[in-house]
Amino acid sequence: MSKSPEEQHPVKAFGWAARDQSGHLSPFNFSRRTTGEEDVRFKVLYCGICHSDLHSVKNEWSISTYPLVPGHEIVGEVTEIGEKVKKVKVGDKVGVGCLVGACHSCESCENDLENYCPKLILTYNSIYPDGTPTYGGYSDHMVANEHYIIRFPDNMPLDAGAPLLCAGITVYSPLKYFGFGEPGKHVGIVGLGGLGHVGVKFAKALGARVTVISTSPAKKDEALNILGADSFLVSRDQDQMQGAIGTFDGIIDTVSAAHPIMPLLGLLKSHGKLVMVGAPEKPLELPVFSLIVGRKTIAGSGIGGLKETQEMIDFAAKHNITADVEVISMDYVNTAMERLAKADVRYRFVIDIGNTLPATKT
Amino acid sequence: MAKAPEDEHPQKTFGWAARDSSGNLSPFHFSRRENGDDDVAIKILYCGVCHTDLHAVKNEWGVTRYPVVPGHEIVGIVTKLGNNVKKFNVGDRVGVGVMVGSCRSCEYCNQDMENYCPKLIFTYDSIYHDGTKNYGGYSDMIVVDQFFVVRFPDSLPSDAGAPLLCAGITVYSPMKYYGMTEPGKHLGVVGLGGVGHVAVKIGKAFGLKITVISTSPSKEAEAIGKLGADSFLVSTDPAKMKASFGTMDYIIDTVSAFHAIAPLLTLLKPNGKLVTLGLPAKPLELHSHLLVLGRKLVGGSDIGGMKETQEMLDFCAKHNITADVEVIKMDEINTAMDRLAKSDVRYRFVIDVANSLSK
């Protein structure tokens, strides 16, 4: 007979979970393993709300197991380390992103690409080798293998830095891998939400010229004046789109709703690349002609490996890149989820776990 | 007033053309320009029948200007040289592929990628620099700028080598560009037609392990026994497809009919690449999470530049790669087109122009 979440492990834990596809979150008592010799245990201070958390609590990808504690943009302070841990010490500020385990023996793992390991273990809604579910960062503390702990640089604010652990790496990785995050290149960022706004900042810091491509003219002012984009293209404006045909080296598409990609392929120069990082539920229409004429590519990218995530955080600290956040209390999370569904946030909610979670314990 | 095709140019020429979207080809008198200083005049020996020729004669893409003389897999003998032509001699065996002109000054032309030049001129049904429409290789002779003529290696037969000028470069170019040439890696080839069968041969020459992916179990014996593929995967068999998940480094998809690419993406390993060469009329369905989970890519490719085309021919000569062809007479072309529409050819028709094109 399987144990209840509270009894699965020796150390009591408290967080908020969704119990069904309504996605409604509420207080949840569960437990975590003791600190193994390679583990790092930390008190959670902040956790970003990623759009994946919303997809997951509502079971939009049909893979959710309840009860589900989301959260994979987790920042905190180390409280205990295992004997073999060298990377951090008690009191250090650390983060955990989307992964807490992988096989460490496949080709992807050997190339520091744990995120492409077929046996990867996600921070929440996955199963550990011991058969127990993983629970995410909307909780009082976390324990993770040292390999999956990111050192948080001293000058990086914890609240505004937390979203980089998912949003940041998700845009940084393809900007580097596909070769258009560099001086002399023209990069388009489609969608100005959690991923998009961080995408603009990283692309600029990497030296590229950046155009935000959006359906909403209202976002232009912020895109140019606050986020530092070089230009703004309204994708519903036929004349603007026509004028921009064949001018982009690369486009990062962060949009998770279904949308036409043919116009985006048209914006690319020959040999240009369109990289999908959003994950629309329904299939998109792929006009093959648009790839053949001009030898263009459409690719996907999903977060990044641990080595690259650390590199991204260090780069962000050096270039003063943080997310633009709205810090909320734990008990605001359901309202935040509703607002997120309507893209009503500039640009990431971050839960002040350290200060507001304890009060919700009954 | 526009001149008749016969009167446009000084050199009288004879070929077969389609005059309307029935696609039916019949004898056609027209003319070619006089040899300019950079031109090579070529007596045509053989011309391959590419599936694109079929799309063109039936106006399936809505862009055909009739009358159209198709044919862009042309092998022939040089008969006349312009004053500036040094790289060929009269009597040389040469080839002409899909292009006969480009701007020669844009960033693509300057990087040996004339095939991506925005002012590219195709071998047939394009407008040449002099404002006249050009005609392809289903004809007795052709005049081409030397830059767009390739030397045909001595060891390559004219008939079985002709299809390399389109099918061969169409496969060779993306294999180089997308890095699909590492020996020991696993390539899936979808569709076993003109382009597909050449992909198997070129892939083997690069030292790849090849799996042919097809809807027709009947093609297995030939794929493995004759073409040299290492294995054969029936894409309509869910259990076999599942067993092959995540096993391929690359896939070349040659299929022009509308088809599902989601199952093909699942066959790729992480960081795998799918190159689409077929030209379906309708958009395909792309489940982007299949790209995101595994950083996979789908890329297009469009023939290759002239330097690369010569390199491909020399590579094929070195590795004894030719197409598997059915040689036909010019007056059998309409039947051949009907059979091509039903994929009833192993694997390319080639017209014996010199011996069968009579006025």
Side-chain angles (χ1 to χ4, degrees), chain A residues 52 55 61 63 106-109 111 113-118 120 170 173-174 177-178 245-246 253 255-256 258-262 265 268-305, chain B residues 61 63 106-108 111 113 115-118 120 170 173-174 176-178 245-247 249 253 255-262 265 268-305:
Chain A
S52 301
H55 290 308
W61 295 327
I63 50 168
C106 69
E107 201 180 330
S108 292
C109 284
N111 285 305
L113 293 168
E114 300 87 352
N115 50 321
Y116 298 117
C117 171
L120 75 88
T170 296
S173 186
Y177 180 73
F178 292 103
I245 282 179
D253 186 349
V255 175
S256 27
H259 57 289
I261 54 170
M262 191 161 103
L265 291 170
L268 292 170
K269 297 177 184 175
S270 284
H271 303 94
K273 297 162 190 165
L274 172 62
V275 181
M276 315 296 294
V277 296
E281 263 173 78
K282 297 212 182 82
L284 304 173
E285 277 193 0
L286 175 63
V288 170
F289 221 88
S290 305
L291 293 181
I292 286 177
V293 175
R295 192 160 59 181
K296 298 177 185 178
T297 301
I298 179 166
S301 185
I303 40 171
Chain B
W61 296 330
V63 296
C106 69
E107 70 180 292
Y108 301 107
Q111 293 180 77
M113 290 191 283
N115 47 321
Y116 298 113
C117 171
L120 178 60
T170 293
S173 184
K176 299 294 296 278
Y177 178 70
Y178 289 103
F245 276 3
T247 58
D249 297 281
D253 184 353
V255 175
S256 287
F258 178 82
H259 59 290
I261 55 167
L265 291 171
L268 287 171
K269 295 177 184 174
N271 298 298
K273 299 166 186 170
L274 170 68
V275 174
T276 56
L277 302 176
L279 291 162
K282 273 168 46 181
L284 300 181
E285 276 189 358
L286 176 67
H287 297 75
S288 44
H289 72 276
L290 292 177
L291 295 181
V292 170
L293 299 171
R295 193 164 61 183
K296 299 178 186 177
L297 73 79
V298 179
S301 185
D302 194 4
I303 42 169

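When reading the values below, keep in mind they use all heavy atoms of this one structure, side chains included, and skip hydrogens, waters and symmetry mates. Letters A, B, ... mirror the listed sequences (proteins, then strands); counts begin at 1. Every value quoted in this text rests on a predicted model; they were computed, and no experiment measured them.
Most heavy-atom pairs under 4.5 Å with chain B, from the set Ile298(A), Asn115(A), Leu274(A): that is Ile298(A). With chain B as the partner, the residue from His271(A), Glu107(A), Lys273(A), Lys296(A) showing the most heavy-atom pairs under 4.5 Å is His271(A). Contact count against chain A (heavy-atom pairs under 4.5 Å) is highest for Val298(B) among Asp302(B), Leu277(B), Val298(B).
Leu297(B) places a side-chain heavy atom less than 4.5 Å from the side chain of Tyr178(B). Considering only heavy atoms from C-beta on, Leu113(A) comes within 4.5 Å of Asn271(B) through its side chain. Taking 4.5 Å as the limit, every side-chain heavy atom of Leu290(B) sits out of range of all side-chain heavy atoms of Leu268(B).
Of the atoms belonging to Ile261(A), it is side-chain heavy atoms, and not backbone ones, that fall under 4.5 Å from chain B. For a residue to count as touching a neighbouring chain, one of its non-hydrogen atoms must lie under 4.5 Å from one of that chain's; by this rule Pro283(B) touches chain A with backbone and side chain alike. Heavy-atom distances place both the backbone and the side chain of Ser301(B) under 4.5 Å from chain A. Of the atoms belonging to Asn115(B), not a single heavy atom falls under 4.5 Å from chain A. Of the two parts of Ser108(A), only the side chain, counted from C-beta on, holds a non-hydrogen atom closer than 4.5 Å to a non-hydrogen atom of chain B.
A donor-acceptor pair under 3.5 Å is formed between the side chain of Tyr116(A) and the backbone N or O of Gly302(A).
Under the 6.0 Å distance and 45° angle rule, Lys282(B) counts as a cation-pi partner of Phe258(B). Remark: Arg295(A) is not positioned above the aromatic ring of Tyr116(B), lacking an NZ or CZ atom under 6.0 angstrom from the ring centre and at most 45 degrees off the axis.
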